[in-house]
Amino acid sequence: MKTRNFFRNNAKMIAAGDEFWAEADKHGLAGIVGRLENGRIHTSEGHSFVNFSCCSYLDLDQHPKILEGAISAIRRFGTLNHCITRARVQIPAMGELEDALSYLLQAQVVTAISANVASSGVLPLIASGHLSGGKRPLMVFDKNCHVSLMHQKPICADETEVETCAYHDLDLLEDRCKTNESVCYICDGADSLGGYAPVAELSYLQQKYGLHVYYDDSHSLSAFGPRGVGYVRSNISELDERTMIVVSLHKAFGTSGGALMMGKRKPEELKTIFRYAGAIGYSQPMNTAAIGASLASVEIHATPELTVLQDQLMSNIRLFDELVPTEQSGFSFPIRFVRVPEADVIRLSVELFKSGYYVSPIFFPVVAKGKAGLRVMMRAGQTHEQISELARMINEITLRSAA
Ligand SMILES: *Cc1c(COP(=O)(O)O)cnc(C)c1O
């Protein structure tokens, strides 16, 4: 009888991953250290490059107001982190941020130090029925969901039944809804390779069968939607008790931390989260620097500056699409995946890097075997000249590699 590795397998993952990481290391494409200056990264060896592999899509991470927000919050609250669980005592900082985020996102918001920590705390409570109406749901994880969600499978499986489904497999989900009293689907909102969750179709299943959905929309917060509420939130008019959205504050939002968006929850359910949602309760909360930075970011989200940044990002995405066609061309999402033969990925990335552009070489196990390529990520702060030059080089070298 199989006694282990039902939902994860380090030996397999590391054996597959190591070969490629060793290659990336050997060619100087991993472990890079450099100072940020004028939109470029400068290494101590004197090389400088434009980062096309950074998720700070609006460049808010270097925004003066956000840096100032972090500093002034430490002064205002007089501590970086006051060590005691929020279930017992807390300084007013976290409440202030959760109120501000709740208003911005039109949801009940609970924060955590990261999206990963939020998911690791909440998914097991959904599995045990404590945040899913009292019944243990069948937990259906999308095959492509983010690793921070995948990691929760074995823990959820110790509370309820867990299954993995093909990418956005709505037919399977409807079938499971028909044959199970309660079902929860776990997937990314906007995923790291350019797809979007079928929010309308899932809402239909939620209304018809009471399906619960746990979305991770870390990739689209701030970059997408009015006031930057993200892809999923902007496609759901009102959050109910069957939908949760987790987001990272560490990507386009430009700060540090994670947030859970929920519909109106009973006070007892919130207490269950604060007391029992794993690291949300027993580990540190967001510190005051991260909170101050996040309060400043919320303020920026409420001004026209956010739309200006979103428009700059879109204009950069469109320019890249005009120059380099990919499967994602036309999407409003900032990530493009340029397919190249697996054997050439590293060499092509090195060539681009030497010319001043860092793009991520992507290969198994990040993507399936035989689907290697270059992941190119647009930001609002890149110039049209930089994008045009990168596109010209990509076209040149992929042509050569195809020849
Ligand atoms: C980056 C990312 C995360 C990790 O966010 P943290 O706040 O750093 O934990 C989680 N989910 C998705 C989909 C991501 O893209």
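Order of listing sets the numbers, starting from 1, for every ligand and every atom in it.
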Checklist entry - Strictly under 4.0 Å, does any heavy atom of S148 approach an atom of ligand 1? => result yes

Tabulate below the donor-acceptor pairs under 3.5 Å that side-chain atoms of residues 87-95 make, not counting sequence neighbours, or state none.
none

Next on the checklist: Using a 4.0 Å cutoff against the non-hydrogen atoms of H219, which atoms of ligand 1 qualify?
Outcome noted: 15 (O)

Does the distance from a Lys or Arg side-chain N to an Asp or Glu carboxylate O, for [X] and [Y], drop under 4.0 Å?
X: E23; Y: K26; answer: yes
X: R336; Y: D321; answer: yes
X: E96; Y: R76; answer: yes

For ligand 1, is there an N or O atom under 3.5 Å from any N or O atom of [X]?
X: A115; value: yes
X: K251; value: yes
X: D216; value: yes

Checklist entry - Has E181 got more than 12 heavy atoms of other residues, nucleotides or ligands less than 6.0 Å from its CD? => result no

Checklist entry - Any side-chain donor-acceptor pair under 3.5 Å between Y196 and N235? => result no

Item to check | Nearest-contact summary for atom 9 (O) of ligand 1 - protein heavy atom, Å | outcome: N116 N, 2.9 Å

Item to check | Protein heavy-atom partner closest to atom 4 (C) of ligand 1 - residue, atom, separation in Å | outcome: H146 CE1, 4.0 Å

Checklist entry - Given S248, A118, S218, which has its nearest heavy atom closest to atom 8 (O) of ligand 1? => result S248

